[in-house]
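Below: one structure, written as structure tokens.
Predicted model only: the values in this text are computed from it and were never measured. Just follow the structure's listing: the first ligand is 1, and inside any ligand the first atom is 1.
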Amino acid sequence: MSTAVSLYDLSLPELEARIRALGEPAYRARQAWEWAYRRFAQSYTEMTNLPAALRERLAEELPFPAMTVETELASGDGLTRKRLIRLGDGKLIETVLMLYDPRSDSRGRATVCVSSQAGCAMGCVFCATGQAGFDRNLTTGEIVAQVVGFAREQQDAGRGPITNVVFMGMGEPMANYRAVWAAVETLTHAEGMNMAARHITISTVGHIPGIRKLAEERLQVGLAVSLHAPDEALRERLVPTAHRYPLPEIIDACRDYIDKTHRRVTFEYCLMDGVNDSPEQARSLAELLRGMNCHVNLIPVNPTPDDSIRRPSRARTLAFQRALAEKGVPCTVRVEKGVEISAACGQLRGERANVEFMEAPPKRATDITSVSV
Ligand code: SAH
Ligand code: SF4
């Protein structure tokens, strides 16, 4: 059963308690933790400084999550890799690794895009995940395992660590807050992967309690909010469950979040031809976001099973971007990467053939004209 407690489900204090309950000293937990999150061990057999009897007990009582890579696709340049992962109960999720060409990214970033749920209940009409419906929440361990899996591969290939995690795969992370947050705490743990919280981004469709909760957290995790429309009526057409969290209230929650955390919010806006991509709508969006410390990511929509939703032309995309920029809203257009590997992060379970990934937001609003589409 995939939802059984796995090693990756536990915090370090929880692991210590489990190990003490087995009659072993707490420092054994630290050793196991290091093996799991510093060396990315894939079995207890690798943990050679633990007593053999303890390793056997742990393998029985606290197994590694039962997850198998069903398919892995790589882009031609090898920089983008997508995994279709089968969970212990047979459900499928997707995880994507995005590396950046060292010629254009001296920081050597490696970003993992993780799923937080198998499926999604929000039903966005342009999203393949939303159209397929909801299966279940992922456990903390299943979220952590997506990152550790790629971290191990990076290590084995002699490449650098995973530097960034984005919750932009399948699912609505705020609807699975507890598991998502426990995963964030494991990924940022100083004695483990020690990831910078600022390099982790949670993307939400506008789940207001989640935004408010995130504002209270000690860790400085980034927030991205998917808007897609400048007004409530259109938004409810695109995000059928949006009425639960009306647009003005989402914006209020974001303003409070910025006041409280002094952090910038990213707004995602999927551009759909003839639906939400007019310069007029760009101006309304700018009005909505007036005075906010924010950044807009424009995402020309990827094809989904519903082919009535299409991406706008390049000219129309740029016109939208220009209209926003003229109103002083910093924005970028998401640049396409790895198109050939059938990998839109969280947008497919097998069948689609298009992918887009987020490039780093520009440092200044003036950078936006240099972003190609
Ligand atoms: N549920 C969360 C996070 C997962 S979706 C959310 O909606 O924010 C991550 C991003 O993928 C969202 O911004 C979403 O709008 C975008 N997305 C969904 N379907 C898409 C498609 N067909 N083409 C491009 N981006 C898409
Ligand atoms: Fe769910 Fe996000 Fe897809 Fe909407 S865009 S259905 S919230 S995963």
Per-atom filter on ligand 1: closer than 4.0 angstrom to a heavy atom of F167 are 3 (C)
Answer yes or no as to whether an N/O/S atom of C127 is found below 2.8 Å from atom 1 (Fe) of ligand 2. no
In terms of its nearest heavy atom to atom 6 (S) of ligand 2, the top option of G130, S116, G119, C270 is G130
In terms of atom number and element, which parts of ligand 1 are under 4.0 angstrom from non-hydrogen atoms of M168? 4 (C), 9 (C)
Selected option - heavy-atom contact closest to atom 14 (C) of ligand 1, from P303, S226, P300, A121: S226
Between the side chains of D231 and R235, is the shortest nitrogen-to-carboxylate-oxygen separation below 4.0 Å, so that they form an ion pair? no
Is a side-chain donor or acceptor of E185 paired with a backbone partner of W181 at a separation under 3.5 angstrom? no
Closer than 4.0 Å to some heavy atom of C127 - which atoms of ligand 1 meet that? 18 (C), 19 (N)
Taking 4.0 angstrom as the limit and counting only heavy atoms of E172, give me the atoms of ligand 1 inside it, by number and element. 1 (N), 2 (C)
With heavy atoms under 4.0 Å as the rule, classify the contact between H228 and ligand 1 as side chain, backbone, both or neither. side chain
If we set the cut-off at 4.0 Å for heavy atoms, which region of V301 has an atom near ligand 1: side chain, backbone, both, or neither? both
Atom CD1 of I19 and atom CZ of R28: how far apart are they, to the nearest 0.5 Å? 9.0 Å
Is any side-chain N of the basic residue among D277 and R311 closer than 4.0 Å to the acidic one's carboxylate O? no
Is it the case that the side chains of Q281 and S278 hold a donor-acceptor pair, with the cut-off being a distance below 3.5 Å and no angle test? yes
At under 4.0 Å between heavy atoms, what of E268 touches ligand 1? The answer is side chain
Are any of the N or O atoms of R334 closer than 3.5 Å to those of ligand 1? no
Would A224 count as a contact residue for ligand 1, given that I'm defining contact as a non-hydrogen atom of the residue lying under 4.0 Å from a ligand atom? no
The atoms of ligand 1 lying under 4.0 Å from a heavy atom of V205, numbered in the order shown, are 6 (C), 7 (O), 8 (O)
Which bit of T204 is near ligand 1, meaning a heavy atom under 4.0 Å away: side chain, backbone, both or neither? backbone
Below 3.5 Å, N or O to N or O, backbone or side chain included: is there any such pair between G171 and ligand 1? yes
Under 3.5 Å, side chain of D9 to main-chain N/O of V5, donor-acceptor pair present? no
Where the closest heavy atom to atom 24 (C) of ligand 1 is concerned, which of N302, V114, I309 has it? N302
Checking contacts here: is it the side chain or the backbone of C270 that comes within 4.0 Å of ligand 1, counting heavy atoms only? Could be both or neither. side chain
Could you check whether any heavy atom of C120 sits closer than 4.0 Å to an atom of ligand 1, since that is the contact criterion I want to use? no
Looking only at heavy atoms of G171, does any of them come nearer than 4.0 Å to an atom of ligand 2? yes
Please list, in number order, the atoms of ligand 2 under 4.0 Å from a heavy atom of V205. 7 (S)
For F167 versus S116, what's the shortest heavy-atom pair and its separation? CD2-CB, 4.3 Å
For E268, is there an ion pair with R334 - N to carboxylate O distance below 4.0 angstrom? yes
Are any of the side-chain nitrogens in K260 or E216 under 4.0 Å away from the carboxylate oxygens of its partner? yes
Taking the six-membered ring for Trp, are the ring centroids of Y37 and H189 within less than 6.0 Å of each other? no
Taking 4.0 angstrom as the limit and counting only heavy atoms of C124, give me the atoms of ligand 2 inside it, by number and element. 4 (Fe), 5 (S), 6 (S), 7 (S)
Provide the number and element of each atom of ligand 1 under 4.0 Å from a heavy atom of I299. 24 (C), 25 (N)
Using a 6.0 Å distance limit plus a 45 degree cone around the ring axis, check whether R83 lies over the aromatic ring of F150. yes
Would you verify whether the NZ or CZ of R30 falls within 45 degrees of the ring axis of W33 while also being under 6.0 Å from that six-membered ring's centre? no
Geometric cation-pi criterion, R55 with Y44: 6.0 Å, 45°: no
